Amino acid sequence: MTNLKTEKLTISKISAGLKQKKFSSYELTSAYLKKIKKDDCNAFISVNDKALEQAKFADKLLAAKKGGELCGVPLAVKDIILVEGLRATGASNILADYIASYTATAVDHLQKAGMVVLGKTNCDEFAMGSSNENSAFGPVLNPYDKKRVPGGSSGGSAAALAASLAPTALGTDTGGSIRQPASFCGVCGLKPSYGRVSRYGSMAMASSLDQIGPMANSVRDLALLLQYMAGFDPLDATSAQTKVPDYLSGLGKNTKKLRLGLPKEYFAAGLDKEVEQAVKGLVASLEKEGMTVKEVSLPYTDYALATYYLLMPAEVSSNLARYDGVLYGLSADKKSGLDDWYKEIRSRGFGAEVKRRIMLGTYILSAGYYDAYYKQAQKVRTLIKEDFAKVFSEVDVLLTPATPTTAFKLGEKSQDPLTMYLSDIFTVAANIGGVCGLSLPIGQDKKGLPIGLQLLGDAFQEEKILNLGNYIEQLIA
Ligand code: GLN
């Protein structure tokens, strides 16, 4: 089956096709690999040369009726997440030749379910960015308009889905890196609650904010992938012991009983008119369906971005200290002493944005400034958490735009870090509060660029946002 169509395939379609023997995982994987070869969006950094072998193995499992719904389904993995034997660069020169010596727990669960890793997707260096322009392997282009960014930092994963180079993908989200690119590329993405999915094997950016999450062509697919990824992992002390519910069977149950909230702070200045209209139009359709939506307030929202850009760099500066060229990664021949060695490796190995954040973080944590910046930001973090706790006692799901605008042009914000940071304004609070969020496409603007809706739920309430997301998807289909 050489002309196998890969356009926007969902897991259920693939699984049905595999079970009915319309195609094999081998044929499907070959079709994706063929498309990846012709990729003109720069979505992948490397391809898994064992993908076809893994697909053959999945076919054997399926033939023996041993495979579940994920068996034989191809997966693209953000290059910040480790898969044993595959290159893991984090889109940085400092790890340009690094081969992972173990597999991230989340990927391991999916591989054990029979998923086939197609390759590693491009991203902003160590996940720092909102446009994918910070990759040492070149920017990713938005498949909807190649003059525009796909969002970041999981831009390669989002573009791979939008260009049908993969039917499922993994991203990481520290301040919006799954939800914002999903929104820019018209695909679905979920940031799980902090602790829901093990972070083991994901290169740490800001450990108190990072989460690995699924990206796909439907909300149901997100639920299915999360089902396998979620759960306690003894290898990640911050992963939660909280029971993993049956996300799939929760879909479609009592959806109309969900109490919905519209946080007024998310509809303020800076929000593009077309995005606002799309979200408000959707809210009106939900009300027409008999759902109640009330206006709510998260008063500390205005401080979220500043808090994020203090806490995140502080953690970045400490986490990235490990890249010193001694044990792995970029190395030098200089024998002139340790300080010069570090200087040489880290100057050559890191890009400008990473350096900026390391320096900012070091400053924030330094004696004399720690109290004024880091400690103060931690206090505001508590207030933001309390905002969420209060609002989630009144409503089950918050509806907001995922991003203030649709995809912007390449180069449009790269000279001005502050404007770039502003594109995360609607996503960072969820990471600060540790709550869950998903983004799903609800339409396009006049330029034909996708508009994303963000659904936020309380910590460990993924079933609620998945349930509503799935309902909305069917409502607007
Ligand atoms: N765009 C945000 C940043 O630059 C978020 C990154 C992320 O979630 N990894 O920090």
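For ligands, and for the atoms within them, numbers begin at 1 and follow the listed sequence. Here the structure is a predicted model, which is why all the values come from computation and not from measurement. When a residue number appears, it is its place in the shown sequence, counting from 1.
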Legend entry - Modelled atom types, side-chain donor and acceptor of Asp108 and Thr103, under 3.5 Å: no

Legend entry - Ring centre gap for Phe184 and Phe408 strictly below 6.0 Å: yes

Inset, instruction - Check ligand 1 against Tyr308 and write out every atom of the ligand that is under 4.0 Å from a heavy-atom position of the residue. - result: 2 (C), 3 (C), 5 (C), 6 (C), 10 (O)

Inset, instruction - Give the numbers and elements of all ligand 1 atoms closer than 4.0 Å to a heavy atom of Gly175. - result: 5 (C), 7 (C), 8 (O)

Inset, instruction - Using a strict cut-off of 4.0 Å, indicate which atoms of ligand 1 neighbour a heavy atom of Met205. - result: 9 (N), 10 (O)

Inset, instruction - Can you sort out which atoms of ligand 1 are near Ala127, meaning under 4.0 Å from one of its heavy atoms? - result: 6 (C), 7 (C), 9 (N)

Legend entry - Thr172, any N or O under 3.5 Å of ligand 1 N or O: no

Legend entry - Under-4.0 Å heavy-atom contact with ligand 1, by part of Tyr309 that carries it: side chain

Legend entry - Protein contact of atom 7 (C) of ligand 1 - nearest heavy atom, named by residue and atom, plus distance: Ser177 OG, 2.4 Å

Inset, instruction - Check whether the side chains of Tyr194 and Arg199 place a donor and an acceptor atom closer than 3.5 Å, and report yes or no. - result: yes

Inset, instruction - May I ask you to identify, for Asp424, whether its side chain, its backbone, both or neither come under 4.0 Å of ligand 1 on a heavy-atom basis? - result: side chain

Legend entry - Heteroatom proximity flag, Gly152 to ligand 1, N/O under 3.5 Å: no

Legend entry - Atom pair CG (Leu70) and CD (Gln111), whose distance is rounded to the nearest 0.5 Å: 12.0 Å

Inset, instruction - Give the C-alpha distance, both sets of side-chain angles, the deciding distance and a yes or no for side-chain contact (heavy atoms from CB on, under 4.5 Å) between Glu133 and Leu410. - result: CA-CA 8 Å; Glu133 291 165 295; Leu410 285 151; 4.1 Å; yes

Legend entry - Salt bridge present between Lys447 and Asp145 (N-O < 4.0 angstrom): no

Inset, instruction - Enumerate the atoms of ligand 1 whose separation from the nearest heavy atom of Asp173 is less than 4.0 angstrom. - result: 8 (O)

Legend entry - Lys/Arg N to Asp/Glu carboxylate O, Asp79 vs Lys120, below 4.0 Å: yes

Inset, instruction - Indicate, as side chain, backbone, both or neither, the part of Met420 found under 4.0 angstrom from ligand 1 when only non-hydrogen atoms are considered. - result: neither

Inset, instruction - Give the contacting part of Arg357 toward ligand 1: side chain, backbone, both or neither, where contact means a heavy-atom distance below 4.0 Å. - result: side chain

Legend entry - Pair Ser130, Gln180: side-chain N/O donor-acceptor within cut-off below 3.5 Å: no

Inset, instruction - Using a strict 4.0 Å cut-off to heavy atoms of Ser153, name the atoms of ligand 1 that fall inside it. - result: 9 (N)

Legend entry - Ring-ring centroid check Tyr308 Tyr421, cutoff 6.0 Å: no

